[in-house]
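First up is the structure itself, then whatever we jot down about it.
So you know, we letter chains A, B, ... as the sequences are listed, proteins then strands, and number each from 1.
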Amino acid sequence: MTINKKFINLIRFSILHAYVILVTLFFKLIFTLYGLNFLLNILNSNINFIKKVHPLTLQKAIQNLQKFFPNLKCIYTAASFKFLVSDSNQVYTFKLGIFKKNNKLESHAWITNQDLIILNDLKNLPMFKVIYTN
Amino acid sequence: MDHQEATKPKTTYKINKNIFYEVIDNNYIILDIFSGEYYELSESASMIWKEVLQHNSGFTIEDITNKFQAMFKEPSVKEDIQELFKEFYKLKIIKKIDDK
């Protein structure tokens, strides 16, 4: 690969990750200011001018983001994925689930494609009961 | 709104559309997506919620109370159920059928 191509790929890589970071922070802001319902309404809305991203590329970008920001909440990344994933023949489902551990409720958000976990998989994810899907 | 007046026994109520629920360890967990809050119901409240779920088109507090009074024959059942529905109404888990 020539230096020019490497440079162009690096630029593309950076732009994609910056884009995903911005959208994820947007959802963090929305959730903090306006709550869960507003965030879910945005996921249900059909905003045409949003640049969609190929699912594999998006998955890798978000996973990279999670390496640098490990405290980023699952609901922001799951919402970003659902919002940005490009239309295809595949259906990506946003799921909210709950699990009771030591009398304490835990919640989690993840993305599936049919039965495959695409984003935010956990070792104990099968213990979570799905309470909301989109 | 005064909640004592709001939850009338013969008025028809239904579950609000922003409410989702699931059973964990035999108790219902309710999620209100408007507030983002989770509510864990006790065993007895879960029994009442299960009865509410049987009435998709609406229910009256009187019907629910009569059923559980017949089952348990405890004097406090009526008051406990009314308190529970008052709380449900206050938290906007249920609404009157003609509420917007």
Side-chain angles (χ1 to χ4, degrees), chain A residues 24-45 71-80 82-83 93-112 115 117 120 122-134, chain B residues 1 3 6 13-59 64 80 83-100:
Chain A
T24 308
L25 289 178
F26 165 73
F27 277 112
K28 182 176 177 178
L29 188 67
I30 289 294
F31 184 82
T32 308
L33 292 178
Y34 301 111
L36 179 60
N37 184 50
F38 203 88
L39 183 149
L40 296 176
N41 280 342
I42 292 174
L43 291 187
N44 285 327
S45 61
N71 293 329
L72 203 54
K73 282 190 181 178
C74 51
I75 190 162
Y76 308 143
T77 54
S80 293
K82 178 74 183 176
F83 189 66
T93 308
F94 171 94
K95 292 186 177 177
L96 275 179
I98 46 173
F99 167 53
K100 203 169 168 188
K101 185 182 173 185
N102 300 329
N103 272 333
K104 195 180 165 192
L105 267 184
E106 285 183 26
S107 63
H108 189 57
W110 66 98
I111 299 285
T112 61
D115 288 331
I117 314 290
N120 297 342
L122 292 175
K123 279 182 190 169
N124 64 346
L125 193 62
M127 311 284 286
F128 281 80
K129 279 205 168 177
V130 177
I131 195 167
Y132 175 89
T133 61
N134 180 346
Chain B
M1 179 181 276
H3 300 296
Y13 296 87
K14 66 176 188 177
I15 298 170
N16 240 325
K17 60 179 180 179
N18 50 292
I19 299 300
F20 295 83
Y21 46 85
E22 189 49 73
V23 178
I24 293 187
D25 295 342
N26 296 320
N27 289 349
Y28 275 95
I29 310 291
I30 292 175
L31 166 63
D32 176 0
I33 60 168
F34 278 176
S35 63
E37 295 283 340
Y38 288 94
Y39 303 104
E40 185 179 354
L41 300 186
S42 64
E43 208 174 308
S44 49
S46 293
M47 282 174 65
I48 294 166
W49 184 255
K50 193 174 177 181
E51 183 60 30
V52 165
L53 295 177
Q54 307 297 323
H55 302 85
N56 285 334
S57 52
F59 62 91
I64 307 278
D80 290 344
E83 277 305 308
L84 179 67
F85 280 111
K86 230 187 270 182
E87 200 60 26
F88 280 165
Y89 191 83
K90 184 178 154 190
L91 294 170
K92 296 182 183 170
I93 291 172
I94 61 172
K95 64 175 185 178
K96 282 188 243 179
I97 290 276
D98 54 0
D99 271 355
K100 285 179 187 171

Quick check on side-chain contact (heavy atoms from CB on, under 4.5 Å): which of B:Ile33, B:Asp32, B:Asn18 does A:Asn37 satisfy it with?
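Result for side-chain contact (heavy atoms from CB on, under 4.5 Å) with A:Asn37: B:Ile33.
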Atom group of [X] that falls short of 4.5 Å from chain B, counting heavy atoms:
X	answer
A:Phe99	backbone
A:Leu96	side chain
A:Leu105	side chain

Where the side chain of A:Lys129 meets the backbone of B:Ile24, is there a donor-acceptor pair that is under 3.5 Å apart?
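No; zero donor-acceptor contacts below 3.5 Å.
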Spell out the residues in residues 45-53 of chain B that have some non-hydrogen atom less than 4.5 Å away from a non-hydrogen atom of chain A, in order of number; otherwise answer 'none'.
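Answer by number: none.
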Answer yes or no: does atom [atom1] of [X] have more than 12 heavy-atom neighbours from other residues, nucleotides or ligands under 6.0 Å?
X	atom1	answer
A:Phe83	CZ	yes
A:Asn44	CG	yes
A:Lys100	NZ	yes
B:Gln54	CD	yes

Could you measure the distance from the CD1 atom of A:Ile98 to the CG atom of B:Leu31? Nearest 0.5 Å is fine.
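These two atoms lie 7.5 Å from each other.
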If you look at every heavy atom in A:Val130 and B:Glu22, which pair is closest and at what distance?
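For A:Val130 versus B:Glu22, the nearest heavy atoms are O-OE1, 3.4 Å.
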Which bit of B:Phe20 comes within less than 4.5 Å of chain A, counting heavy atoms only: side chain, backbone, both or neither?
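Both backbone and side chain of B:Phe20 come within 4.5 Å of chain A.
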